[in-house]
2 protein chains.
Amino acid sequence: MSWTGTGHERRGYHHGNLREALIEAALALIAELGPSGFTVAEAARRAGVSPAAPYRHFRDAEALLAEIALRGFERFTTALARSWQDGKPDPLRAFENLGRAYLAFARDEPALYAAMFETRIDFANYPSLQVASDRAFAILREASERLAATLPPAKRPPALMIALHVWAMAHGIASLFGRGDAGRQLPMSPEELLEAGILLYLQSLGLAGGQGPQK
Amino acid sequence: MSWTGTGHERRGYHHGNLREALIEAALALIAELGPSGFTVAEAARRAGVSPAAPYRHFRDAEALLAEIALRGFERFTTALARSWQDGKPDPLRAFENLGRAYLAFARDEPALYAAMFETRIDFANYPSLQVASDRAFAILREASERLAATLPPAKRPPALMIALHVWAMAHGIASLFGRGDAGRQLPMSPEELLEAGILLYLQSLGLAGGQGPQK
DNA sequence: GAAATAATGTAAAAAACCTTCACATGAGTT
DNA sequence: AACTCATGTGAAGGTTTTTTACATTATTTC
């Protein structure tokens, strides 16, 4: 038993909670070394089991990553929904909060975010991932709908487009500048950058800044 | 010599152009299987040499990827500069062309784009990569400067901010929706999405749409 | 409660990969 | 022609992935 890890104690022949222990170990590995630093063998080592044990719980390495990404999307959805607060105190403020929550999630849970977006998992092989990802996007879309609905129908821009633009900018900022040490330094924080970008964008749609839409 | 590849012919004991052949093989692998599908052994196999041969040209697998990313940034810079056309016919049109060129590069050279942005190479270990990346961003920044300069100084927004916002949105769209099959389907093409996003954003700065800045 | 069954972990092994090292070969130089 | 350097080979050690046969424990059923 030379692989017996120094980490969490082992109750006996059976681990008792190996599935969770593997997920935690994988998360720690990703956080430390990036998505490519994770290996099934190392996760097993940290959980104190043999290299074959993980295969009782996950079909292969990708399945473990997919499970992590799935939980990531679920927590992401929760975090976004909480920050949106059903549009309170007002849709614009709530929308800004949504943006901050997006970046906060990417910063505070880099391993989850990496598993969700920096890992090349084919969603077709994991339908639940597609569902979970759609649910997260649905928050953003709902927020965009509510924001757009503050305008009279004639001047109302398509909410889906707004949601896509905001998602792209948020993901772009998180991905390019999200980690403090990521090579590039900014004249402002990622949060400030995103907030400014969203406000400018919404302004031209007449959804921020107090004046009507451009035309 | 069981590893003699079926690909490009071999002139003798010495390959003659192994370095380039390895880079090509790695690019093909990344294009086919994603960044994680590349292995030194397979690249060597395709080049028709032994698995140890690549180490005469690259310190390790990451160094090969870094070289690919470096070339990617150089070609990226060239493509962006060409599309920008020194601001012709006018800064706004040229700016839109820049956005299209960004997405075209991500679509047409997915392997390069992946090596540049989806691979977690530490720029600190490859200073030339940092330089090349900065050069690419400099095009975007210069374009932003020129665009901002179309406004009187008092109303001129910070060009760096514009460049960061546009880069983030372009990268976000490329990364989330750039590949046709990438799970999510859009109501419009990535190019149209980006163009609309940029125009709306610039509108509120008074840089597009024909009217002055808001507020 | 004992026996059958299911779940979970181990050991061993094959295949692939990464990388290094000593050595071989060929190219270019003097 | 001899020397030197660059480039490629063969072999080897170490790691990882995943499968298979087997061992152990938990759970269910009678």
Side-chain angles (χ1 to χ4, degrees), chain A residues 1-5 7-26 28-30 32-68 119-122 125, chain B residues 1-26 28-30 32-68 119-121 125:
Chain A
M1 280 205 216
S2 61
W3 61 75
T4 296
H8 310 282
E9 68 281 19
R10 186 72 181 281
R11 280 199 272 287
Y13 187 96
H14 284 101
H15 183 287
N17 205 16
L18 183 52
R19 190 181 170 87
E20 293 304 316
L22 288 171
I23 289 174
E24 273 183 41
L29 279 170
I30 296 172
E32 289 169 25
L33 311 165
S36 61
F38 149 76
T39 68
V40 174
E42 180 63 23
R45 201 170 298 127
R46 293 195 178 196
V49 296
S50 79
Y55 293 87
R56 293 293 177 193
H57 299 274
F58 302 98
R59 195 164 44 70
D60 55 23
E62 193 183 68
L64 208 174
L65 279 186
E67 172 68 24
I68 290 178
T119 224
R120 280 211 154 295
I121 299 175
D122 189 355
N125 297 338
Chain B
M1 281 206 214
S2 62
W3 58 75
T4 296
T6 59
H8 310 281
E9 69 281 17
R10 186 73 179 281
R11 281 200 272 285
Y13 187 97
H14 285 101
H15 183 287
N17 205 16
L18 183 52
R19 191 182 169 87
E20 292 305 316
L22 289 171
I23 289 174
E24 274 183 40
L29 280 171
I30 296 172
E32 290 169 25
L33 311 165
S36 61
F38 150 75
T39 68
V40 174
E42 180 62 24
R45 201 170 298 127
R46 294 193 179 197
V49 297
S50 80
Y55 294 88
R56 293 293 178 195
H57 299 274
F58 302 97
R59 195 164 44 70
D60 54 23
E62 193 183 67
L64 208 174
L65 279 186
E67 172 69 24
I68 290 178
T119 226
R120 280 212 153 296
I121 299 176
N125 296 338

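Chain letters run A, B, ... following the sequence lines, proteins first and then strands; every chain starts at 1.
Between atom OG1 of residue A:T119 and atom CD1 of residue A:I68 there is a gap of 9.0 Å, rounded to the nearest 0.5 Å.
Residue B:R45 has no polar side-chain atom (N or O) positioned under 4.0 Å from OP1 or OP2 of C:dA16.
By the side-chain contact (heavy atoms from CB on, under 4.5 Å) test, A:R56 pairs with no residue at all, sequence neighbours left out. In this structure A:A53 satisfies the side-chain contact (heavy atoms from CB on, under 4.5 Å) test together with A:L18, A:V49, A:S50, sequence neighbours excluded. Annotation: side chain to side chain donor-acceptor pair (under 3.5 Å) contacts of A:R19 (sequence neighbours excluded): A:E67.
For the pair A:L22 CG and C:dT8 P, the interatomic distance rounds to 12 Å; values are reported in whole Å. Atom P of nucleotide D:dT16 and atom CG of A:L29 are separated by 10 Å, given to the nearest angstrom. Straight-line distance from the CG atom of A:N17 to the C1' atom of C:dA7: 14 Å, rounded to whole Å. The CD atom of B:E62 sits 19 Å away from the P atom of C:dC17 (whole-angstrom rounding). Regarding B:H57, its NE2 atom lies at a distance of 9 Å from the C1' atom of D:dA6, rounded to whole Å.
Considering every non-hydrogen atom in both B:R120 and A:P35, the closest pair reads CD-CD, 3.9 Å. Considering all non-hydrogen atoms of both residues, B:L22 and B:A47 come closest at CD2-CB, 4.2 Å.
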Enumerate donor-acceptor pairs with a distance under 3.5 Å from any side-chain N or O in residues 36-44 of chain A to protein atoms, sequence neighbours excluded.
{"from": "A:T39", "atom 1": "OG1", "to": "A:E42", "atom 2": "N", "distance (Å)": "3.0"}
{"from": "A:E42", "atom 1": "OE1", "to": "A:R45", "atom 2": "NH1", "distance (Å)": "2.3"}
{"from": "A:E42", "atom 1": "OE2", "to": "A:R46", "atom 2": "NE", "distance (Å)": "3.3"}

Return a table of donor-acceptor pairs under 3.5 angstrom between the side chains of residues 57-64 of chain B and protein atoms on other chains or two or more places apart.
{"from": "B:D60", "atom 1": "OD1", "to": "B:E62", "atom 2": "N", "distance (Å)": "3.2"}
{"from": "B:D60", "atom 1": "OD1", "to": "B:A63", "atom 2": "N", "distance (Å)": "3.0"}
{"from": "B:E62", "atom 1": "OE1", "to": "B:Y126", "atom 2": "OH", "distance (Å)": "3.3"}

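For residues 33-43 of chain A, proximity to DNA chain D is found at A:T39, A:V40, A:A41, defined as any non-hydrogen atom under 4.0 angstrom from a strand atom.
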Report, as a single string ordered 5' to 3', how protein heavy atoms within less than 4.0 Å touch nucleotides 19-26 of chain D: B base, S sugar-phosphate only, - not at all. B-BBBBB-
